[in-house]
J.: 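The following block contains the structure, expressed as structure tokens.
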There are 2 protein chains.
Amino acid sequence: MVTDQLSITFAALADPTRRAILARLTRGEATVKELSAPFAMSGPAISKHLRVLEHAGLISRGREAQWRPCRLEAEPMREVTEFAEEYRRFWDENYARLDSYLKTLQQKDGTDDDDQ
Amino acid sequence: MVTDQLSITFAALADPTRRAILARLTRGEATVKELSAPFAMSGPAISKHLRVLEHAGLISRGREAQWRPCRLEAEPMREVTEFAEEYRRFWDENYARLDSYLKTLQQKDGTDDDDQ
DNA sequence: CAGTTACCTCACCATTTGGTTATCTAACCT
DNA sequence: AGGTTAGATAACCAAATGGTGAGGTAACTG
């Protein structure tokens with residue numbers, strides 16, 4: 001079993017049901033019932049998907065009476081973006097121009113992130 | 001089995017060996033032998049990883065005498081980035097500012113991409 | 001208290017994944 | 001032709017994944 005965070009995140013995202021759940025959560029918190037509604041799938045199946053997402057840090061779960069509301073935690077998405085950005089110059093013909101935009105932004109932010 | 005492109009791409013990226021192979025290919029083409037060198041893994045194992053990457057469209061393979069040089073095809077990374085970008089406002093406190101930068105860039109490029 | 005709702009865990013099953021060794025082809029080199 | 005090298009394929013195996021149904025728990029509702 002793979003243990004590094006990025007692998008866990010990618011594996012969690014490699015499923016249309018889980019991505020649909022995340023997409024739903026961009027519109028706000030939701031209960032497990034609400035999340036499972038769009039899918040022809042049993043409760044335990046959804047429960048497993050949610051556990052995968054939670055383990056990947058992509059969602060967190062609260063507790064409110066008999067409901068366990070799910071909330072989006074998109075922080076791992078930042079790592080995904082950072083990873084993919086390393087390959088931007090291999091697919092973006094306008095890389096140089098965008099790169100300069102990002103560099104400008106980074107300088108303003110004071111974030112240090114050198115390219116390779 | 002999941003069939004959609006994004007799932008295939010994410011699944012391909014959910015393995016450290018395959019990501020290391022991609023990282024190696026950013027430094028240029030390489031043969032299967034060269035790619036397998038850093039790993040304590042049999043040839044067929046590497047061959048399988050390469051097939052996964054090829055199936056995901058992340059690499060392509062040429063033919064040069066007895067070598068089958070692998071080349072990076074990072075186009076699917078664009079889809080990964082586009083996917084993750086949808087979640088930027090959930091993790092980037094500077095989202096509004098960067099968003100305006102990207103919108104400016106998109107206008108110049110003439111690309112249409114509405115946010116949700 | 002009894003019943004219902006929301007959700008989880010358990011046990012199970014089929015398929016996929018990631019690795020192995022053994023074998024095969026194709027191309028190069030004497 | 002014979003040997004070596006690069007690489008793919010086949011058969012196999014263990015473990016992980018994605019689903020199921022059965023059953024349990026916690027909280028609300030009558």
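Lettering of chains follows the sequences in order, A, B, ..., and the numbering in each one begins at 1. For clarity, every value in this text was computed on a predicted model and none was experimentally measured.
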J.: Of the nucleotides dG19(D), dC7(C), dG19(C), which has the atom closest to the Met41(B) side chain?
T.: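 Of all the options, the side chain of Met41(B) is nearest to dG19(C).
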J.: Would you classify Ala45(A) as touching base, sugar-phosphate or nothing, given that sugar-phosphate means primed atoms plus P, OP1 and OP2, and contacts are heavy atoms under 4.0 Å?
T.: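 Counting heavy atoms under 4.0 Å across all strands, the contact made by Ala45(A) includes a base.
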J.: Would you indicate whether the side-chain heavy atoms of Glu73(B) and Leu53(B) approach each other to under 4.5 Å?
T.: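 With C-beta onward as the side chain, the pair stays apart.
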J.: Between dC7(C) atom P and Leu35(A) atom CG, what is the distance in whole Å?
T.: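 Nearest whole value for this atom pair: 9 Å.
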J.: Map Leu50(B) and Gln66(A) onto DNA chain D by nearest heavy atom, then report which one ends up closer to the 5' terminus.
T.: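 Nearest nucleotide further toward 5': that of Leu50(B).
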J.: Looking at His49(B), I'd like to know whether one of its side-chain N or O atoms comes within less than 4.0 Å of OP1 or OP2 on dT17(C).
T.: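 The answer is no; no side-chain N or O of His49(B) sits under 4.0 Å from OP1 or OP2.
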J.: Measure from CD1 on Ile46(A) to C1' on dT9(C) and round the result to the nearest Å.
T.: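 Ile46(A) atom CD1 is separated from dT9(C) atom C1' by 16 Å.
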J.: For Lys48(B) and dC13(D), what is the distance between atoms NZ and C1' respectively, to the nearest whole Å?
T.: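 Taking atom C1' of dC13(D) as the reference, NZ of Lys48(B) is at 10 Å.
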J.: By nearest heavy atom, map Trp67(A) and Pro44(A) onto DNA chain D; which one lands nearer the 5' end?
T.: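 Nearest-nucleotide comparison on DNA chain D picks Pro44(A).
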J.: Establish, with yes or no, whether the OP1 or OP2 oxygen of dA6(D) is under 4.0 angstrom from a side-chain nitrogen or oxygen of Arg63(B).
T.: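 No.
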J.: Determine yes or no for a side-chain-to-main-chain donor-acceptor pair under 3.5 angstrom, with Arg68(A) supplying the side chain and Gly62(A) the backbone.
T.: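 No: the side chain of Arg68(A) does not pair with the backbone of Gly62(A).
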J.: Any carboxylate oxygen within less than 4.0 angstrom of a Lys/Arg side-chain nitrogen, looking at Arg19(A) and Asp4(B)?
T.: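 Looking at Arg19(A) and Asp4(B), the cut-off is met.
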J.: Please confirm whether the shortest side-chain N or O distance from Ser47(A) to OP1 or OP2 of dC7(C) is below 4.0 Å.
T.: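 Negative; the distance criterion is not met.
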J.: Output yes when at least one side-chain N/O atom of Ser42(A) is less than 4.0 Å from OP1 or OP2 of dT20(D), else no.
T.: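 Answer is yes, contact under 4.0 Å.
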J.: What integer distance in Å separates Arg18(B):CZ from dG19(C):C1'?
T.: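 My rounded result for the distance is 12 Å.
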J.: Can you tell whether the side chains of Glu54(B) and Arg51(B) come within less than 4.0 Å, N to carboxylate O?
T.: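 Salt bridge: no.
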J.: Rounded to whole angstroms, how far apart are NE2 on His55(A) and C1' on dC8(C)?
T.: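 Those two atoms, NE2 and C1', are 18 Å apart.
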J.: For dA6(C), does OP1 or OP2 lie under 4.0 Å from any side-chain N or O of Lys33(A)?
T.: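 Result: yes.
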J.: Can you tell me how far C1' of dT17(C) sits from CG of Asp15(A), to the nearest Å?
T.: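 Spelled out: CG on Asp15(A) to C1' on dT17(C) is 15 Å.
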J.: Measure from CZ on Arg68(B) to C1' on dA26(C) and round the result to the nearest Å.
T.: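 In whole Å, dA26(C) C1' and Arg68(B) CZ are 7 Å from each other.
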J.: Please determine if a side-chain N or O atom of Arg61(A) lies less than 4.0 Å away from the OP1 or OP2 oxygen of dC7(C).
T.: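 So the side-chain polar atoms of Arg61(A) never come under 4.0 Å of the phosphate oxygens OP1 or OP2 of dC7(C).
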J.: Kindly point out which of dT9(D), dG18(C), dG18(D) is positioned nearest to the side chain of Arg51(B)?
T.: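 When the side chain of Arg51(B) is considered, dT9(D) is the closest of dT9(D), dG18(C), dG18(D).
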J.: How is Thr31(A) classified with respect to the nucleic acid when contacts are heavy atoms under 4.0 Å: base, sugar-phosphate, or nothing?
T.: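 The residue Thr31(A) makes sugar-phosphate contact but no base contact.
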J.: If the threshold is 4.0 Å, N to carboxylate O, is there a salt bridge linking Glu86(B) and Arg88(B)?
T.: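 Looking at Glu86(B) and Arg88(B), the cut-off is not met.
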J.: Check the distance between dT16(C)'s C1' and Ile8(B)'s CD1 and give it to me in whole angstrom.
T.: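 For the pair Ile8(B) CD1 and dT16(C) C1', the rounded distance is 13 Å.
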